[in-house]
Each structure stands twice: as structure tokens, then as C-alpha cells.
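A short worksheet on the structure shown next.
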Amino acid sequence: MEYQYPMNEDWTTEEAVDVIAFFQQVEHAYEKGADREELLKAYRRFKEIVPGKAEEKKLCSEFEEQSTYSPYRTVKQARESDQAKIKM
């Protein structure tokens with residue numbers, strides 16, 4: 001797909017890489033299935049970088065608008081599921 005990941009210019013390179021890793025886990029969940037633990041681990045790291053709900057909602061909305069993949073629904077399903085693989 002041709003789209004850009006939402007970014008914040010205040011992030012370090014490591015933080016930007018970790019945020020991208022979270023969005024890539026969401027992509028995997030939609031495209032071929034994602035490992036539940038890896039997805040939740042990436043989300044926890046994302047929340048360390050983006051602790052505020054408003055910024056999280058903004059970034060996730062931007063990502064969903066460009067990709068059509070919902071980080072919110074993906075994380076919700078991962079939290080509620082006991083399956084090892086999350087497929088959206």
C-alpha cells in the first residue's frame with residue numbers, strides 16, 4: 001500500500017521505529033494475521049511513547065484514514081481474545 005505512517009517530529013529515531021512497528025502489527029493483523037503477544041507488546045511500547053489519549057486517537061485516526069486498518073479495533077480484539085493469532 002502507498003501511504004505514510006503518522007509521525008511526531010519530537011520523537012527520537014527509536015521511538016519512530018517503535019511506533020511504525022505497532023502500525024505494522026496492525027497491518028499484519030488485517031493482511032495475514034498477527035501474533036497476539038507481539039501485537040500487545042508493540043501497543044504497550046506505543047503507549048509509552050504516546051501516553052495521552054488525544055494524541056493516540058489522532059495518530060490512530062490518521063493511520064486508519066490512510067490505510068483503512070483500525071488500530072483501535074485490532075487492539076480491542078487482541079485484548080478480548082485468547083487466540084494466539086489475531087486476524088481481522
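All values reported here derive from a predicted model rather than from experimental measurement. Computed over heavy atoms, backbone and side chain alike; hydrogens, waters and symmetry mates excluded.
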Residues which pass ring pair (Phe, Tyr, Trp, His ring centres under 6.0 Å) with Phe23, listed by chain and number, not counting sequence neighbours: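 Phe46, Phe63.
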With sequence neighbours excluded, tell me which residues meet salt bridge (charged side-chain N to carboxylate O under 4.0 Å, His left out) with [X].
{"X": "Lys58", "result": "Glu62"}
{"X": "Glu48", "result": "Arg45"}
{"X": "Arg79", "result": "none"}
{"X": "Glu80", "result": "Lys76"}

Taking side-chain hydrogen bond (donor to acceptor under 3.5 Å, both in side chains) as the test, write out the residues that go with [X], two or more places apart.
{"X": "Glu56", "value": "Tyr43, Lys47"}
{"X": "Asn8", "value": "Glu55"}
{"X": "Tyr5", "value": "Glu27"}

Partner of Trp11 by side-chain contact (heavy atoms from CB on, under 4.5 Å), out of Val17, Asp18, Ile49: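 Answer after filtering Val17, Asp18, Ile49: Ile49.
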If you look at every heavy atom in Ala78 and Leu40, which pair is closest and at what distance?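 Minimum heavy-atom contact is CB-CD2, 3.8 Å.
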For Val19 and Pro6, work out which heavy atoms get closest and say how close.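 Scanning both residues, the minimum pair turns out to be CG1-O, 4.4 Å.
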Return a table of donor-acceptor pairs under 3.5 angstrom between the side chains of residues 81-88 and protein atoms on other chains or two or more places apart.
from	atom 1	to	atom 2	distance (Å)
Ser81	OG	Gln83	N	2.9
Lys87	NZ	Tyr30	O	3.0
Lys87	NZ	Glu31	O	3.4

Does Val75 belong to the same Ile/Leu/Val/Met/Phe/Trp/Tyr cluster as Tyr72, with side-chain heavy atoms less than 4.5 Å apart forming each link?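 Unlinked, Val75 and Tyr72 end up in two clusters.
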Enumerate the residue pairs fulfilling salt bridge (charged side-chain N to carboxylate O under 4.0 Å, His left out) with a member in residues 35-44, sequence neighbours excluded, ordered by first and then second residue.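 Every candidate salt bridge (charged side-chain N to carboxylate O under 4.0 Å, His left out) pair involving residues 35-44 fails, so no pair, neighbours aside, qualifies.
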